[in-house]
**Student:** 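Dumping the structure here so I can ask a few things about it.
Since the structure is predicted, the reported quantities are computational estimates derived from the model, not experimental observations. Numbered from 1 within each chain, the chains take letters A, B, ... in sequence-line order.
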Amino acid sequence: MFARGLKRKCADHEEDMGGALAGFRAVPSYSLQRQSLLDMSLVKLQLCHMLVEPNLCRSVLIANTVRQIQEEMTQDGTWRVAAPQSTGRAPLDRLVSTEILCRSMREQDGVHPAPGMGDDHVLGPGSELSTVTSAQTPRDPQNSVWEMDSPRENRGNFQKSLDQIFETLETRNPSSAEELFSDMDSSYYDLDTVLTGVVSRAEPGPCDGLQGLPPVATPASSSSCKSDLGELDHVMEILVET
Amino acid sequence: MVLQPSERHYRDWNHGRLGPWCSPSGSPAPLSCETGCGEGSWILVCRLLVPTQVSLLSMEEDIDTRKINNSFLRDHSYATEADIISTVEFNHTGELLATGDKGGRVVIFQREQESKNQVHRRGEYNVYSTFQSHEPEFDYLKSLEIEEKINKIRWLPQQNAAYFLLSTNDKTVKLWKVSERDKRPEGYNLKDEEGRLRDPATITTLRVPVLRPMDLMVEATPRRVFANAHTYHINSISVNSDYETYMSADDLRINLWNFEITNQSFNIVDIKPANMEELTEVITAAEFHPHHCNTFVYSSSKGTIRLCDMRASALCDRHTKFFEEPEDPSNRSFFSEIISSISDVKFSHSGRYIMTRDYLTVKVWDLNMENRPIETYQVHDYLRSKLCSLYENDCIFDKFECVWNGSDSVIMTGSYNNFFRMFDRNTKRDVTLEASRENSKPRAILKPRKVCVGGKRRKDEISVDSLDFSKKILHTAWHPSENIIAVAATNNLYIFQDKVN
């Protein structure tokens, strides 16, 4: 289902992203990685341990990371206070977003081997590139990663795709889930690579290898969870309340 | 507080010798006498597992816990979450070893005395006393539970027959007295042998009660409770070298206590901003200088260490020294700050150095040089490329501790997969050992372990991807004068000693 294909190379915009990343052409874009890190961090901050006070040190470190990303995105011009979108999605979506994004990227690459589509839509400062690139399904081959959809539309598409992917996951039996993940190995490690700026020398293993890792905590659906990216204030409120 | 009393005390319990801690023979204890630490001459002395059942015994009952421990098999594993060891500490002579666990229980082990009959048993530790130190509480104002998990235990130096230790959870520090009773009075006038009151009319003579030997009983009593002084979670306690005061540190404040006074404490450090939304840095660990009772250090989540002198002002908001290593720009990432957060800070026994542990390294700093550490040791650098995954599963926030050996020549810290690492500061050699049931038979020599970081994996190596991140060694302790170490792995306590010893 997720055929390995040539990853598209986009030399031009990656130069803009920063020299350090120029070498990592075969990975999902830096902004995508950064976005998923931001998502992950916001979820972590919103996970409310209802019984015991959350660890202040951990909260402060995560909040600092969020702030750092926000500052960088503000400088890039890609930070936008997006309007709150419809909630009712459990945070589980966002937790899975890292994998899904990677997988979607890969899937996209497999379907569109032709480089250069949309590459001319440069990611310069102030560009209208959506912060969440749409994970289009194979049914819609015309959309490219760099298509300049409006952010909300993109987000809607993204959510739709998440739904579809979830359905797919649910219908699969365990053994094929193995296959499902076996192809995404290097993308998972690439996330690490790009974000830490260090090339991983280890041979990439299965995506959910780092076996024995405690599963990522998924909260019972927290009714007060907002999924709005831009609500840093709300996040800080939580920090302060704790 | 004058310097002299602390010197005097130091001299007293160091058996008349000033200067760095030494092995009993007087020379600095090497990691391994002949072969160097890379050769792995550590053996497992015993693995201790105190079953949950012991905690059901209340303190009032006269039960010899040593009998209990011996009658239980040491291999069974009803490990519950409450049994997870959360702190380990030797006392100042090394005779006693205390552990605290998530269930709020303290278990004290005592070293087996050397005897001619059973030479091979020397170095083993057996249960000496068990007591429930902290209970779970509920903060009604915030509607939050206060965990009973013991965050730290610190011993007071012994000044009489009883032993004293401080134990703390997130909010309350307690001073416990652990004492032995091996005699009891018999022959009361007003009570009979069973303790029932005698009819005064039947008493015709007076007698003096005599002390008769009884089975040894170890009892623990709470002598002081230091409560309601911390809004945030206590992460450290440290006994001052004057033995009259101690400090407790939480995320934002440090308080100074006198042992005799429980209803007040002095606030000596406060980094809480006026507006909590501006909070970007917290206190992660603090410790008093081993000899100078006016000096202490505290570390932060931004990788800095501040040394403060209490003589300078009542509130030590301005540090005397500020230790920070400039950031390496080539290693910069979104995780740089998180991995620079210091999880533990320890003075050397000599008082000249401090050691800090951050996520990937252990650093030794000279108190006289603030701009960078004098030594940096990589604990598990192969994790550097995995930081995003470790951030996702929260492992990046694990707080590892670090310890010095008695002569400050070797430092030790834990890692994942039940590995722990030792670094010999003199020979610059290091070794990775494993604390696990499968690989250790009593008295067998521990085999050094190696993590393969890429390329071909050799036969005995383990690859990074096979590491078990749920098995982490956060707490270790080193005997103050001998090469005996205690390593806590979940609910197991491993005691290792140098084979030559």
**Student:** Tell me, side chain or backbone of Thr284(B) under 4.5 Å from chain A's heavy atoms, or both, or neither?
**Tutor:**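 Side chain only.
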**Student:** Hey, does Leu61(A) have a side-chain heavy atom less than 4.5 Å from the side chain of Glu337(B)?
**Tutor:** yes
**Student:** Between CG of Leu56(A) and CG of Asp250(B), what distance do you get to the nearest 0.5 Å?
**Tutor:**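 One finds 9.0 Å between CG of Leu56(A) and CG of Asp250(B).
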**Student:** Assess the side chains of Ser41(A) and Tyr391(B): does a donor N or O sit below 3.5 Å from an acceptor N or O?
**Tutor:**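 A donor-acceptor contact under 3.5 Å links the two side chains.
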**Student:** Kindly indicate whether the side chain of Met40(A), heavy atoms from C-beta on, has any atom under 4.5 Å from the side chain of Cys388(B).
**Tutor:** yes
**Student:** Measure across Val60(A) and Glu281(B) and return the closest heavy-atom pair with its distance rounded to 0.1 Å.
**Tutor:**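 Closest heavy-atom pair between Val60(A) and Glu281(B): CG1-N, 3.9 Å.
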**Student:** Do Phe397(B) and Asn55(A) have side chains that approach each other closer than 4.5 Å (heavy atoms only, starting at C-beta)?
**Tutor:** no
**Student:** Could you list the residues that satisfy salt bridge (charged side-chain N to carboxylate O under 4.0 Å, His left out) with Glu401(B), not counting sequence neighbours?
**Tutor:** Lys152(B)
**Student:** Determine, step by step, whether Ile62(A) and Ile338(B) satisfy the side-chain contact (heavy atoms from CB on, under 4.5 Å) criterion, reporting the C-alpha distance in whole Å, the side-chain angles of both residues, the deciding distance to 0.1 Å, and the verdict.
**Tutor:** CA-CA 8 Å; Ile62(A) 297 171; Ile338(B) 300 179; 5.6 Å; no
**Student:** Side chain from CB out, backbone as N, CA, C, O: work out which of these in Leu252(B) comes under 4.5 Å of a heavy atom of chain A, or both, or neither.
**Tutor:** side chain
**Student:** At a heavy-atom separation under 4.5 Å, does Asp394(B) approach chain A through its side chain, its backbone, both, or neither?
**Tutor:**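 Both the backbone and the side chain of Asp394(B) come within 4.5 Å of chain A.
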**Student:** Do you know the tightest heavy-atom contact between Cys57(A) and Lys399(B)?
**Tutor:**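 Taking Cys57(A) first and Lys399(B) second, the nearest heavy atoms are SG-NZ, 3.5 Å.
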**Student:** Let me see the working for Asn64(A) and Phe334(B) under side-chain contact (heavy atoms from CB on, under 4.5 Å), right down to the final yes or no.
**Tutor:** CA-CA 9 Å; Asn64(A) 288 351; Phe334(B) 285 120; over 6 Å; no
**Student:** So with a 6.0 Å cut-off around CG of Asp139(B), is the heavy-atom count from everything else above 12?
**Tutor:** yes
**Student:** Roughly how far apart are Ser341(B) OG and Arg58(A) CZ, rounded to 0.5 Å?
**Tutor:**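 Ser341(B) OG to Arg58(A) CZ: 13.0 Å, rounded to 0.5 Å.
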**Student:** Do Thr280(B) and Arg67(A) have side chains that approach each other closer than 4.5 Å (heavy atoms only, starting at C-beta)?
**Tutor:** yes
**Student:** Name all residues meeting the ring-ring contact (aromatic ring centres under 6.0 Å, His included) criterion together with Tyr359(B); count only those two or more places apart in sequence or in a different chain, and write none if there are none.
**Tutor:** His380(B)
